There are 2 protein chains.
Amino acid sequence: MPEKTYHIGVEATIDVIGGKWKPVILCHLRHQTMRTGELSRAIPQISQKMLTQQLRELEHDGIITRQVFKQVPPKVEYALSPYGETLVQILHELCLWGEDNVERRQANGEDVQILDRENVPN
Amino acid sequence: MPEKTYHIGVEATIDVIGGKWKPVILCHLRHQTMRTGELSRAIPQISQKMLTQQLRELEHDGIITRQVFKQVPPKVEYALSPYGETLVQILHELCLWGEDNVERRQANGEDVQILDRENVPN
DNA sequence: CAGCATCCGAACGGATACTG
DNA sequence: CAGTATCCGTTCGGATGCTG
């Protein structure tokens with residue numbers, strides 16, 4: 001009996017890139033390699049613990065790469081792995097849908113905003 | 001100051017369709033309207049409490065519709081709303097990616113399986 | 001059949017302090 | 001700068017029992 005059984009494809013996807021932070025991290029890594037501190041500044045709400053933890057898991061699942069520069073002070077760069085690159089299209093669509101969703105909620109009178117859009121319609 | 005601030009589009013998306021169960025529920029509703037019991041049987045691992053809770057949230061966010069038939073025994077049908085339909089493409093891709101991911105892990109010697117594929121390559 | 005309420009353990013996730 | 005370890009409150013989520 002397999003140790004892990006999924007009933008539908010999306011379950012496996014969520015298992016790897018699901019959660020509160022992973023999609024955000026991956027979205028930032030879509031366009032560039034980033035150092036730990038850069039990611040931390042790009043995602044101000046995340047705690048240092050969560051950031052490291054999520055990066056470790058993404059690395060373990062082969063989605064991102066972690067390159068350590070042996071120097072003082074330390075320097076570590078994270079980037080999408082070739083396999084992680086297969087997610088960029090989906091990540092892009094997830095970003096766009098979220099932007100549309102916020103617009104929709106604003107039009108609906110909700111007090112919500114989004115700081116960085118990657119698509120400015122019209 | 002807005003009560004809800006997102007820094008990037010994908011955050012808003014995750015806020016609405018993120019979590020362990022919502023993507024699975026939505027994937028099932030892509031192709032058909034389903035009754036509560038049908039969903040429950042289609043997702044055997046979910047508890048009744050979680051199923052109801054997630055359905056309520058999806059309904060509240062305008063992703064699905066809930067139609068109650070006034071009869072005994074009760075009958076309730078859930079379906080994607082027109083707005084929810086804007087997610088079908090993304091959901092489809094999430095399913096496919098997960099299926100590929102499982103194949104990749106299997107090829108890597110991991111003891112993992114997926115029961116229902118929607119795309120059987122080759 | 002569909003749903004609500006409650007209890008309770010597990011996991012998530014933040015704050016802080018410390019290391020190479 | 002990057003990362004580890006610990007403490008601890010909050011939320012998640014399962015199990016059970018009950019209602020119309």
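By convention in this document, chain letters (A, B, ...) are assigned in the order of the sequence lines, proteins followed by strands, and residues within each chain are numbered from 1. Remember, it's a predicted structure, so these values are computed and weren't measured experimentally.
B:E77 approaches B:K75 most closely through the heavy-atom pair OE2-CE, 3.6 Å.
For DNA chain C, the neighbouring residues in residues 17-36 of chain B, judged by any heavy atom under 4.0 Å, are B:R35, B:T36. Near-neighbour residues of DNA chain C inside residues 43-58 of chain B, defined by a heavy atom below 4.0 Å, number-ordered: B:Q48, B:K49, B:T52, B:R56.
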(request) Report the C-alpha distance between B:E103 and B:R117 in whole Å, list the side-chain angles of each, state the deciding distance to 0.1 Å, and finish with yes or no for salt bridge (charged side-chain N to carboxylate O under 4.0 Å, His left out). (result) CA-CA 11 Å; B:E103 276 189 22; B:R117 302 182 140 276; 3.4 Å; yes
(message) With side chain to side chain contact (heavy atoms under 4.5 Å, CB included) as the criterion, how do B:I14 and A:K20 come out once you've worked through the C-alpha distance, each side chain's angles and the decisive distance to 0.1 Å?
(response) CA-CA 7 Å; B:I14 295 304; A:K20 187 178 179 180; 5.7 Å; no
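Side chain to side chain, A:H92 and A:E118 meet the donor-acceptor criterion of an N or O pair below 3.5 Å.
A 4.5 Å side-chain heavy-atom check between A:I64 and A:S81 finds every atom pair outside the cut-off. Between B:I43 and B:H28 there is a side-chain heavy-atom pair separated by less than 4.5 Å.
Considering SG of B:C27 and CD1 of B:I90, their distance stands at 11.0 Å, rounded to 0.5 Å. One finds the CG atom of B:L115 at 10.5 Å from the CD1 atom of A:I8 (value rounded to the nearest 0.5 Å).
Helix-axis bend for the helix from C:dC1-D:dG20 to C:dG20-D:dC1: the local axis fitted to the five terminal pairs at one end deviates from that at the other end by 40°, rounded to 10°.
Using a distance-only test at 3.5 Å, with no hydrogens or angles considered, no donor-acceptor pair links the side chain of B:T5 to the main chain of A:Q113.
Every residue meeting the side chain to side chain contact (heavy atoms under 4.5 Å, CB included) condition with A:S40, not counting sequence neighbours, appears here in chain and number order: A:L51.
Put simply, chain B comes within 4.0 Å of DNA chain C, heavy atom to any atom, from C:dC1 to C:dC7, going 5' to 3'.
Among the protein residues, A:Y78 comes within range of the sugar-phosphate backbone only, with heavy atoms under 4.0 Å from sugar or phosphate atoms but none that close to a base.
For the side chain to side chain donor-acceptor pair (under 3.5 Å) test with B:N101, the passing option among B:R104, B:E99, B:R105 is B:R105; the others fail.
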Throw together a table of side-chain donor-acceptor distances under 3.5 angstrom for residues 52-63 of chain B, partners on residues two or more places apart or in other chains.
residue : atom : partner : partner atom : Å
B:T52   : OG1  : B:Q48   : O            : 3.1
B:T52   : OG1  : B:Q48   : NE2          : 3.1
B:R56   : NH1  : B:Y78   : OH           : 3.3
B:E57   : OE1  : B:K22   : NZ           : 2.6

